[in-house]
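Labels below follow one simple rule: chain letters A, B, ... track the order of the sequence lines, proteins then strands, and each chain is numbered from 1. Nothing here was measured: the structure is a model prediction, and the numbers come from that model.
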Protein chains: 2
Amino acid sequence: MGVTIKDVAKAAGVSYSTVSKALRDSPLVKPPTKKRIIAIANELGYQPNVAARSLVSKKSNTIGVVWPTVERAAHAALITKINEELECHSYTTLLSINRVESAINTFNRLQVDAILVFSDKSYLDDHSSNVPILSYGIAKEPIHPTVDVNRRDAILLAVRYLYSIGHKNIAFIGDVSQQDQLQEEKVIGFKQGMLECFNEIPDDALIHTFGLELYDGYLALKTRLEKPNRPTAIICGSYDLTKGSIRAINEMNLSIPNDISIISYDNIPQINTFDQPISIVGVPNEIITNTITKALLDIIEKKDITNSIILTPELNINESCIGIK
Amino acid sequence: MGVTIKDVAKAAGVSYSTVSKALRDSPLVKPPTKKRIIAIANELGYQPNVAARSLVSKKSNTIGVVWPTVERAAHAALITKINEELECHSYTTLLSINRVESAINTFNRLQVDAILVFSDKSYLDDHSSNVPILSYGIAKEPIHPTVDVNRRDAILLAVRYLYSIGHKNIAFIGDVSQQDQLQEEKVIGFKQGMLECFNEIPDDALIHTFGLELYDGYLALKTRLEKPNRPTAIICGSYDLTKGSIRAINEMNLSIPNDISIISYDNIPQINTFDQPISIVGVPNEIITNTITKALLDIIEKKDITNSIILTPELNINESCIGIK
DNA sequence: TTACAGAATAACAACGTTGTTATCCGATGC
DNA sequence: GCATCGGATAACAACGTTGTTATTCTGTAA
C-alpha cells in the first residue's frame with residue numbers, strides 16, 4: 001500500500017540509503033541527484049513511515065496532552081495554539097480526554113516524548129511515568145515541573161489600577177466557592193488589593209457566582225445591580241463571566257464605561273469579539289503557549305527543569321475604563 | 001532506557017522469539033515457561049515498543065478523530081464514549097482540533113488505521129487520503145461512509161406525540177438561521193409535523209434563537225413568553241437551549257408540565273442533571289457511539305462500507321409532558 | 001600511466017518486534 | 001536399537017528507516 005524509500009530508490013536508479021540522505025537533505029549527496037530524488041519521491045507520493053523512523057531514532061516526535069476538562073474554553077484556545085507551535089518543531093500533539101492517570105498510562109504505552117497535563121489540582125499523584133511530565137496549573141509544591149500564571153497578582157494589579165484612577169467602589173465577580181484553587185487565587189488577590197487600597201473589604205464587594213458560565217455571571221451581576229450602592233468598577237473573574245456581566249449591564253441600560261468600568265481576567269483572543277473593547281488583565285495567551293512549548297522542548301532534551309515557571313500578568317487598559325474625579 | 005524483549009529473554013534464559021510468543025499468549029510455548037516469562041517481563045517493567053510492533057504488523061492500532069469544533073458539549077460526550085469503546089478493542093484514539101484538511105493530512109502522515117470526522121458540513125472536499133474515513137454528520141450525498149441521526153424524524157415524532165395528547169399550541173425553539181444544516185433539519189421536521197397535524201404553521205410557532213448557547217435559549221423563550229398566546233408545549237432544539245428554556249420558565253413562575261410541557265432534543269446523559277426529569281427525543285448516545293465504533297472497525301477490516309448508516313430517534317416521555325383535554 | 005586523494009554513492013548493520021522455518025530432544029513404534 | 005514423530009524452543013528474515021562503513025568513480029599530481 002505505502003510507497004517506501006526502496007520504491008523511490010528503484011525508480012531513481014540509486015540505492016535506498018542515498019534516497020534517505022537526499023530526503024533528509026544531507027550534504028553527502030550531490031545537489032542535482034538530490035533534486036531528482038526529491039522530485040521522484042513527490043511524484044510517487046512518498047510518505048515516510050513514522051514507525052520505522054521512530055524505531056531507529058528512539059523518538060516518537062509526539063507529545064501527549066492530558067485534558068480531562070474538555071469544557072473549558074480558555075484551555076481550548078491554549079491547546080490549539082500549543083498544537084500549532086509544536087507542529088513548527090515537527091512534533092505532533094496527541095490529545096487525551098481520559099482521566100489523568102489513565103491518560104498518563106496510555107501515553108507511556110505509546111512512548112510519547114513528553115506529556116503535558118492540564119489540571120486544576122495542585123499536585124498529581126506520583127505516577128511512575130517513564131516519560132517526562134510538564135503540568136500547567138498551580139505551582140504549589142508541584143511534583144513535576146509546572147507552568148503557572150500568577151492569578152493573584154493579576155487581580156491585585158487590576159484593583160490597584162482602578163484605585164489609582166479614582167474608583168472608590170470596586171467589585172469582583174467570580175466563583176468564591178473555594179472548590180477550585182485557580183479561582184480561589186483570584187479572590188485572594190482581590191482581597192489583598194482592597195485591603196492595601198482601602199484598608200477594608202466591604203461585604204458587597206465580592207459578587208458570588210455559582211459556576212463559571214455566562215449565565216452565572218449574568219444572573220449574579222444583575223441581582224447585584226438591582227441593589228443600592230452600585231459599584232463604579234467591576235473586575236470579572238473569567239471570560240465567560242465577562243460576557244454575562246456585559247449582558248446584565250446592557251439590560252439595565254447602564255453604560256460602559258460611563259456608569260461602570262470593567263476589567264476582565266483572561267487574556268485570550270476571543271476577548272476582541274465583544275461589541276466594544278474590554279480592558280483585560282492576565283498573561284497573554286501567546287506568552288503562555290510560548291513558555292509551555294519551550295518548556296516541553298527543554299524537558300525532552302533532558303535539560304532538567306527543576307524550577308517551576310510562574311508567569312507575570314499584564315494589564316491592558318482601553319476605553320472600558322474611565323477615571324473618577 | 002526501555003527494557004526490550006531481548007532483555008526479558010536474557011533474564012529468562014530463553015530466545016527472544018519465545019518471549020514474543022509467550023507474551024502474545026501463543027499456544028506454541030509451554031504453559032509453565034509462558035508463566036515464568038510473563039512474570040519476569042512484569043518484574044522488569046517491560047513495555048512493548050509500539051513503533052516496532054506497528055512496523056511489522058503494518059498497523060498503528062490508532063484512530064484519528066477530527067474535531068474542529070471543540071466547544072460543542074454534545075460532541076465531547078460522544079468522543080469520550082467512543083474513546084472508551086475503542087480502547088476495549090485495543091485501539092487508541094488520537095484527537096486533532098485542527099482544521100479538517102490539515103488534520104486529515106497529519107493523520108495520514110501518522111498512518112492511523114482510520115479517521116473519524118465530526119463535521120457540520122454535508123460533505124468534505126475530496127482529499128486524497130490513504131486512510132479510510134468515516135464521518136459523523138449529514139448523510140446527504142456523502143463522499144465517505146457516514147453515520148447520521150435523523151433529526152427531522154426526531155422533531156416530527158415529538159410534534160406528533162404532543163398532538164396526540166391534545167396540545168393545540170406547540171412551539172419549537174431553536175436556531176433557524178439556516179447556517180447549520182444540522183439545525184435546519186430539525187426545523188424542517190417541525191414544519192412537516194405541524195402541517196401534518198394542523199394543516200398550518202402559525203407564525204409564532206417558531207421561536208428563533210441566535211446561537212445554541214444556554215443564554216440564547218433563555219432570552220428567546222423569555223421574550224416569547226411575555227407575548228400573548230402562550231404555547232402549551234415546547235420542543236427544544238438542543239440540550240443547552242433546554243437548559244436556558246427551563247430557566248426562563250422558572251423565572252416567569254410557570255410550571256412544567258402544568259403550564260408548559262417540554263420535550264428536549266439531544267439524548268445525552270447530562271439530561272438527567274436537571275432538577276426535574278425532562279422528556280427527550282433523539283438517538284441515545286450509547287447507540288450512536290456503538291454504531292460509530294462498529295463502523296470504524298468495519299472500515300478498517302473491509303475498507304469498504306458503501307452505505308451510510310442513518311439512526312432512528314426514540315421518544316422518551318416522562319412527567320415533563322402532560323395531556324390536554 | 002600510475003597512484004592517490006576526495007567526492008559520490010552503495011552496502012550493511014541496527015532499531016524491537018512478529019511469523020516462518022529450522023533444530024533439538026524425548027517418547028513412541030517396529 | 002533405530003527410525004520416526006511431534007512438542008518445545010531456537011534461529012532467522014522481514015518490516016522501513018538512519019548512521020556508519022565500504023566501495024566505486026573522477027580528477028589530479030608524480
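Partners of T18(A) under the side chain to side chain contact (heavy atoms under 4.5 Å, CB included) rule, at least two apart in sequence or in another chain, are V14(A), S15(A), V29(A), I37(A). Here N61(A) pairs with nothing under the side chain to side chain donor-acceptor pair (under 3.5 Å) rule; sequence neighbours left out. The side chain to side chain donor-acceptor pair (under 3.5 Å) search around T289(A) returns E85(A), not counting sequence neighbours. In this view, L28(A) and K21(A), S26(A) satisfy the side chain to side chain contact (heavy atoms under 4.5 Å, CB included) rule, not counting sequence neighbours. Listed by chain and number, the residues in a side chain to side chain donor-acceptor pair (under 3.5 Å) with E185(B) are R152(B) (sequence neighbours excluded). Take K34(A) and apply the salt bridge (Lys or Arg N to Asp or Glu O under 4.0 Å) test, not counting sequence neighbours, and it matches D25(A). Not counting sequence neighbours, K35(B) has no partner by the side chain to side chain contact (heavy atoms under 4.5 Å, CB included) test. Scored by the side chain to side chain donor-acceptor pair (under 3.5 Å) test, T291(A) finds no partners at all (sequence neighbours excluded).
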Side-chain donor/acceptor pairs under 3.5 Å, residues 88-96 of chain B, sequence neighbours excluded:
| from | atom 1 | to | atom 2 | distance (Å) |
| --- | --- | --- | --- | --- |
| Y91(B) | OH | K59(B) | NZ | 2.5 |
| T92(B) | OG1 | R109(A) | NH2 | 3.4 |
| T93(B) | OG1 | N83(B) | OD1 | 3.0 |
| S96(B) | OG | N98(B) | N | 3.2 |

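Residue E286(B) qualifies as open at atom CD: its count of foreign heavy atoms under 6.0 Å is 12 or below.
Recorded end-axis angle for the helix from dT1(C)-dA30(D) to dC30(C)-dG1(D) stands at 80°, based on five pairs per end and rounded to 10 degrees.
Across all strands shown, T33(A) has heavy atoms under 4.0 Å from sugar-phosphate atoms exclusively, and none from any base. Contacts of S57(A) with the nucleic acid, taken as non-hydrogen atoms under 4.0 Å apart, are absent.
Boundaries of the chain A contact region on DNA chain C are dA8(C) to dG16(C), first to last in 5' to 3' order (nucleotide atom under 4.0 Å from a heavy atom).
Within residues 7-28 of chain B, the residues having any heavy atom closer than 4.0 Å to DNA chain C are, in order of number, Y16(B), S17(B), S20(B), K21(B), R24(B).
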